[in-house]
2 protein chains.
Amino acid sequence: MITSSAHSTEDKICPHNARQNCSSCRLSAICLPLALAQDEVVQLDEIVQRGRPLQTDELLYREGDNFNSIFAVRSGSVKAYRVSDKGEEQVTGFYLPGEILGMDGIGQNRYANSAQAMEVSAICEIPFSKIEDLSGRLPNMQKHFFKLLSQEIVEDQRHITLLSKHSAEERLASLLVSISARNARRNLSAFSFRLPMSRTDIGNFLGLTIETVSRVFSRFAKQGLIKINKKEILVLDIDALKRVASLAN
Amino acid sequence: MITSSAHSTEDKICPHNARQNCSSCRLSAICLPLALAQDEVVQLDEIVQRGRPLQTDELLYREGDNFNSIFAVRSGSVKAYRVSDKGEEQVTGFYLPGEILGMDGIGQNRYANSAQAMEVSAICEIPFSKIEDLSGRLPNMQKHFFKLLSQEIVEDQRHITLLSKHSAEERLASLLVSISARNARRNLSAFSFRLPMSRTDIGNFLGLTIETVSRVFSRFAKQGLIKINKKEILVLDIDALKRVASLAN
DNA sequence: CGGGCTAATTGACATAAATCAATTAGGCCT
DNA sequence: AGGCCTAATTGATTTATGTCAATTAGCCCG
C-alpha cells in the first residue's frame, strides 16, 4: 500500500516532470514495461515521446486523423469516442493512468475514435512504426502487443454484453466496480475516488440517458451501496455492488 | 463475377477437399494470404492445419479453453458467443468464409468465447505460436496481424454503438447490409442470400428478442425493402436498407 | 460577493421493445 | 403419409428507460 489516504496524491506529485523514462515511472508495473526485461525497457524508453500535458477537453487525436502513434496515459484521464454515420456520439472507453489507447487506428491507418482529455493529463506518445520495429526484434514486445490488442477486443465484447443484456443498475454498478478495480491496480483506494467523467459521458458510455444515470446513482446511495458527492464516490459496500453488477462483466 | 445465380454453389463444390493449400484457395484474396507475398504464403501454408469439417452446432472451441490456435472459415459459417457472469449468453460475432476467429484468446491464453458451427463448415486451424514465429520473421505478417486485431476492435466498437444508440430497425438493417457486403466481397450475390443464423442468434447478436426481429423483418418486407422466405433473403432496395441502417455503422 | 452558466437531480409522462400468449409452418423421422 | 418438434410469426399487454420539464446546486468571472 503506497497510500492510505482517501485520495492519493499520485496525480499531484510532479505530474509532468517526473523523471522522464519508463524504468523509473511508477506506472511501469502496469503499463507497457510490464512485459519487458530490464534491457528491453531501455529500448522502449528511446522511442517514447513525452510532450506537454493536455488541458481539460483538449483532443489528443481526432477520428479520421492519420494514425501514427499509440498513447499511454501517465496522469489524468482520457475518453475515446466515435461518431456514427447517423451522427450519434458514442463513448467507447475511458483510459486511466497506465492504460494504452489509440490501437483502433492500426487497422485503417486512421484513428477510429477521437480522444479527449477529461482533466489535465500527461500522455506518453509511442510511434507505432517504432513499435513494429521493436516487436520484430523483441519477441516479448510482439507478444505483449498481441495481448494488448486481444484484451481490448475482450473488453469491448464485455461491453457489448453489458449493453445488450444488462439493466441500467447492472451497467452502472459494473462501471463503478471496474473503476474501483483499476484504481486498486494503481495502489489507489478502491473505495474512495473521484470519477473523472461527467454524468453525460457515463450515460453515453453505458447507453443510458443522463437522467437514468442520475436516478440509479441516487438509488444506490439510498440503498447504502455508495455515497456520492458530485463526482466523489465513496463505496460503502463493494460486494453488494459486485452482486448488482451480477458480475455483468 | 464468378456466379450470376441467386445462390452460389461456392459452399457446395468440393467443400472440404479443395486443394489443400492457401495459394490455391479461392479465398486467398480476402483471407490471411491477402497481405503476404507469394513466397510468404508458402510459409503460411506450412503451418495451416485443415481438419475434418465441423457439423452443424459442433463447437470449434469453448469459452475458457486453453488458447492455442486461431481459425479461418473456409466454408460454412460460425458464431462466437460468450456467457456473462450473470449467465446471459451473448453472440459476439458471425464468421463467414475468409474470416478469422479466435483472436480474443490471445490476451488471456484462454478463449473468451465459444465458437459454434451454424452449418457444416470447413475450418483452417493456425497454431498461434507459429504465427508469432512467422510474425517475428515476416514484417508483412506481423503488420497484418496487428491490423486484423485492430479491425476486430473497431468492429466491436461499431457494434457497441449499434447496441447503444440505434433502434431495432437500424440494427437489423445494419446486419443485413453487413452480410450483403461480405457476400459481395466473396463474389457472391449482394442481393440474394441465405442467412446462416437463426432468428434467435440474430436477436441475441443485436440485443433484441426474437419477436422483435421477426416483426422488423415483416415490416421491411411490407415496405418492399426485402423479400423473406425463412432464411432466404432477397434484397429489393439496398439503398433504402442502407438509409435505414442510417449507416448505423 | 453576486449573477449567470452548466451539470446534476428529480418528477410526470410517453414509448420502444420486452414479455406473455396463441397460432402457423416447416422439416424430419418412423 | 402423418404426427411431432422446433422455429417463426403475430397479437395483446407490460415495463424499463427515454423524453420533457422544472428545480437545485456548484462554480467561475467580473
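Just so it is clear: chains get the letters A, B, ... in the order the sequence lines come, proteins before strands, and each one is counted from 1. Side chains included, hydrogens not; waters and symmetry mates left out as well; all remaining heavy atoms used.
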Mutual orientation of the aromatic rings belonging to B:Tyr111 and B:Tyr61 [parallel < 30°, tilted 30-60°, perpendicular > 60°]: parallel

Between P of D:dG26 and CD of A:Glu232, the distance in whole Å: 13 Å

Phosphate OP1/OP2 of C:dA18: any B:Thr209 side-chain N/O under 4.0 Å: yes

C:dT10 phosphate, OP1 or OP2, under 4.0 Å from A:Ser214 side-chain N/O: no

Rounded distance (Å) that lies between atom P of C:dA16 and atom CD of B:Glu170: 12 Å

Sugar-phosphate only, base, or nothing, as touched by A:Gly207 at under 4.0 Å among non-hydrogen atoms: sugar-phosphate

Sidechain N-carboxylate O distance under 4.0 Å for B:Arg219, B:Glu169: yes

B:Phe205-B:Tyr81 aromatic ring centre distance below 6.0 Å: no

Phosphate OP1/OP2 of C:dA7: any A:Ser198 side-chain N/O under 4.0 Å: no

Interatomic distance, A:Leu163 CG vs D:dA16 P [rounded to whole Å]: 19 Å

Spacing of A:Glu169 atom CD relative to D:dT17 atom P, expressed in whole Å: 8 Å

d(CG, A:Asn229; P, D:dT24) in whole Å: 18 Å

Whole-Å gap separating C1' (D:dA8) and CG (B:Asn204): 17 Å

Proximal nucleotide (of C:dA18, D:dA8, D:dG18) relative to the A:Thr212 side chain: D:dG18

Any A:Ser218 side-chain N or O less than 4.0 Å from OP1/OP2 of C:dT10: yes

D:dT10 OP1/OP2 closer than 4.0 Å to side-chain N/O of B:Arg215: no

Separation of C:dA25 C1' from B:Arg199 CZ (nearest whole Å): 13 Å

Sidechain N-carboxylate O distance under 4.0 Å for A:Arg182, A:Glu99: yes

Nearest-angstrom distance from the residue atom CG of B:Leu206 to P of C:dA18: 11 Å

Under-4.0 Å salt bridge between A:Glu58 and A:Arg52: yes

Whichever of B:Arg219 and B:Glu211 has its nearest DNA chain C nucleotide further upstream toward 5': B:Arg219

